[in-house]
Trainee: 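Below are the structure tokens for one structure; questions will follow.
Every heavy atom of this structure was used, including side-chain atoms; hydrogens, water molecules and symmetry mates were not.
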Amino acid sequence: MESVRLPDHPAAEEEYLRLQTACDAIDREIRQVEELTGAKAGEHMDVQMKEDPDQQEEVTLQIFKAQLDRLRQLEMAAGQAYFARLDFIPAGKDPETWYLGRWGVLDPETLNPVVVDWRTPVANLYYSGQIGKMDYEAPDGRVEGELTLKRMLTVRGRQLSGLFDSGIVSQETYLQGVLGSITTDRLREIVTTIQAEQNIVIRTPLGANLLVQGAAGSGKTTIALHRIAYLLYAFRKSLRPENMMILAPNPLFLSYISQVLPDLGVERVIQTTFEGWCREGMGRHMPKVLRESRLERNLSLPEEERRRTGASLRLKGSLAAMKKLEVYLDRLQEAMLPSGGFKMAGIVLMDRAELEKTFLTDLRYSPLEPRIGELKKIIRKRVQSAVALLKERYAESTEEITNRIRATLRDSEARQKKIREVYELRDRRYGEIDARAEAYLKGYRDKFRLPDLMEVYRDFLRECLPEADPPPEGSVVRQEDLPMLAMVCKALHGLKTRPMKHIVVDECQDFSPFQVELLKQANPAATFTLVGDLYQGVRADEGIRNWEEWTGPVFGDRAELKQLTVSYRNTVEIMHLAQAVATRYPIEGICGTRPVLRHGEEPRIIRTDGGKDRLDRVREQVRAWRAEGFYSIALIEKTEDRAKALFRQLGAELDAHLLSESDAEYRGGVLIMPASICKGMEFDCVGICDASVANFPEDEFLCRVLYVMMTRPLHRLCVWYEGEVSPMLAGEKSTLLDA
């Protein structure tokens, strides 16, 4: 033990020895799984399934995939076996000691738990309990007792570097230490620091649709991802990762959050954008989408033009527009039907009344294209019956004629010739009937003109929503056109999407009721978790302005709203300034934000002379932040054009990267970006490059944008302006500095 450096704690040696035992158990299980699978920890193994496997093959493959997943979990567990210890005395029973980790580990010989998974019921004692009388809900019922020890452990491999006991060092102090650290390139899991209100959201039962109003920095994105991991654990008999989906705002944000689920040992969850979901569902029918940022477009428009286009966007995303489109599509399919039904050679194959019942009622839930094919199968059978009937008539007529010939003529060569001629005529008639039937079926599709998707959409807008902006000319559309186009495609051709059982929507305040209802209709067996912040509703013209737009109209009051009110990202000083901006336009029913008690430097609001003076100050500040050891630094301009200009001026000198919404890969370090893409991200330090009155006049939309920009930093915030500062910041005199 002399060579091992242990923390200064009375239980350090005991905990160190316990850690070695846990690591040994993990190593043994790793070897067992390696022997079972033939795989090696740390080596990737690609598993492919045959196109059409039988049931036994599919079961075998699923078991093998589960074993590979377990091997990856154990490999990560070897890096950190656990992070907490709980001592609990259940009422009337012997004391219990539990070690909490990201993954449960059993002793291979005794099958006793060495480490319990953070998602187990007993883990609630850690996330929501304090020393003293406590209880938790177990599968067999409520367990009451006394929590006598709650210990946080800092573990790396077989090394023990920290012990913190609740009551000696408070959990909030421990949390402050974690939050005060420097960021990494991407969002990370937070299993060790989940707080009580976050834990409630994570563990909300699967049967409920959950809406989460989360303040900036409350961890709502991370919590939504942890909720996926929890649900897959708690409902592992009925849920698979392939049946869960998270929708993010853009590919760049997907890259930013890409590491969280793998760090939690969760693979194969569908992670995409709404556009990506439409692309998968519409396939070859998907039109080309104009590459532009909707928020960027709004930031570049004058206020009056922004309000006009906003009204059009809000109309397109409304449930009223969806209802109008449903009615229009019903009329469209009715108008497609042949007016007289189907007749061939005077025989009624299907009259109009039966056609309407079959096509509009019996086959209603099939898209038009396959429905036309299904109807053809019915008509084909009717044609075959009609052919048989016509041939039977000719056969009867032939028999009558030949009988008369036999009755009137003596048996002779002449009589035989006449009879042969009658039968030959019958056979020719049979051929004509077959040819007519074949031609009739070939012409079947001509009776149904399946319209072009874009043609239907444009006609609908002209006829039913003339006040809405049409898409650009040609086959190009904007993102706001996609919900309606997906619905038209669903009616015409179907949406070929994978059925989901649970869907998480991040930044959901920017989704329209139309989008959420469309997702709901396409996944009738799914429940939803939607996380967002109305104060960050920078697309309120197409998203929602209050949660009631969903709770009743979309979810029929079968949705629960929870609020995350504590911000874990910003220092008290940064949050104070950001809240002063946000509450200029308060939102009814939204609780105030409380930051974790973590202090830092006051935000700096600095007037510059513009031009070279501004560049010098930005350059100087970035160098100062780097000298302090900060890693991720974001310089945020209002628009993409301004960001590109700043990048040309300082990018090479600062070794900075330029980020735009079209980027699919997130990179850390010094980043220059427009305001339109910073939402949802966090950085050590943020510089807002021009918050002048010219850029940010008094306006609710711009207030929301400014609030988003101000709530990105963990540690430092600096705001520069030229001329006069934005009136939304002018009241904060204590932070204003002259040039």
Trainee: Ignoring hydrogens and geometry beyond distance, is a side-chain donor-acceptor pair present between Asn546 and Glu588 at under 3.5 Å?
Mentor: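 Judged by distance alone, the side chains do not pair up.
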Trainee: Hey, is Arg545 close enough to Glu549 for a salt bridge, meaning N to O under 4.0 Å?
Mentor: no
Trainee: Do you see a donor-acceptor pair shorter than 3.5 Å between the side chains of Gln536 and Gln509?
Mentor: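 Absent: no donor and acceptor within the cut-off.
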Trainee: Show, in sequence, the C-alpha distance, side-chain angles and deciding distance for Leu482 and Val289, and conclude whether the side-chain contact (heavy atoms from CB on, under 4.5 Å) test is met.
Mentor: CA-CA 9 Å; Leu482 288 178; Val289 180; 4.1 Å; yes
Trainee: Using a strict threshold of under 4.0 Å (side-chain N to carboxylate O), is an ion pair present between Lys381 and Glu374?
Mentor: no
Trainee: Compute the centroid of each ring, for Phe448 and then for Phe359, and state whether the two points are separated by less than 6.0 Å.
Mentor: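 Phe448 vs Phe359: aromatic centres under 6.0 Å.
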Trainee: Pairs in or reaching into residues 226-248: which pass salt bridge (charged side-chain N to carboxylate O under 4.0 Å, His left out), with residues at least two apart or in two chains?
Mentor: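 Output for this query lists Glu242-Arg268.
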Trainee: Decide side-chain contact (heavy atoms from CB on, under 4.5 Å) for Leu658 and Lys644; before the verdict, give the C-alpha distance in whole Å, the side-chain angles of both, and the deciding distance to 0.1 Å.
Mentor: CA-CA 7 Å; Leu658 177 68; Lys644 288 177 178 177; 3.9 Å; yes
Trainee: Do NZ/NE/NH1/NH2 and the carboxylate oxygens of Glu326 and Arg331 come within less than 4.0 Å?
Mentor: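 Between Arg331 and Glu326 there is no salt bridge, as every charged N stays at least 4.0 Å from the carboxylate O atoms.
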Trainee: Does this structure show an ion pair linking Glu560 with Lys562, if we count only N-O contacts that are shorter than 4.0 Å?
Mentor: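 Yes.
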Trainee: Taking 4.0 angstrom as the limit, do Asp481 and Arg478 come out as a salt bridge?
Mentor: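 No, Asp481 and Arg478 are not salt-bridged.
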Trainee: Distance only, no hydrogens: is a donor on one side chain within 3.5 Å (strictly under) of an acceptor on the other, for Arg642 and Asn695?
Mentor: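 Side chains of Arg642 and Asn695: pair found under 3.5 Å.
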Trainee: Do the charged groups of Lys679 and Asp506 touch, with an N to O distance under 4.0 Å?
Mentor: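 No, Lys679 and Asp506 are not salt-bridged.
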Trainee: Salt bridge or not for Glu304 and Arg307, using N-O below 4.0 Å?
Mentor: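 Between Arg307 and Glu304 there is no salt bridge, as every charged N stays at least 4.0 Å from the carboxylate O atoms.
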Trainee: One thing to verify: whether Arg314 and Glu480 come together as a salt bridge, which I'm taking to mean a side-chain N less than 4.0 angstrom from a carboxylate O.
Mentor: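 Between Arg314 and Glu480 there is no salt bridge, as every charged N stays at least 4.0 Å from the carboxylate O atoms.
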Trainee: Measure the acute angle between the ring planes of Phe342 and Tyr440, then classify it against the limits of 30° and 60° as parallel, tilted or perpendicular.
Mentor: perpendicular
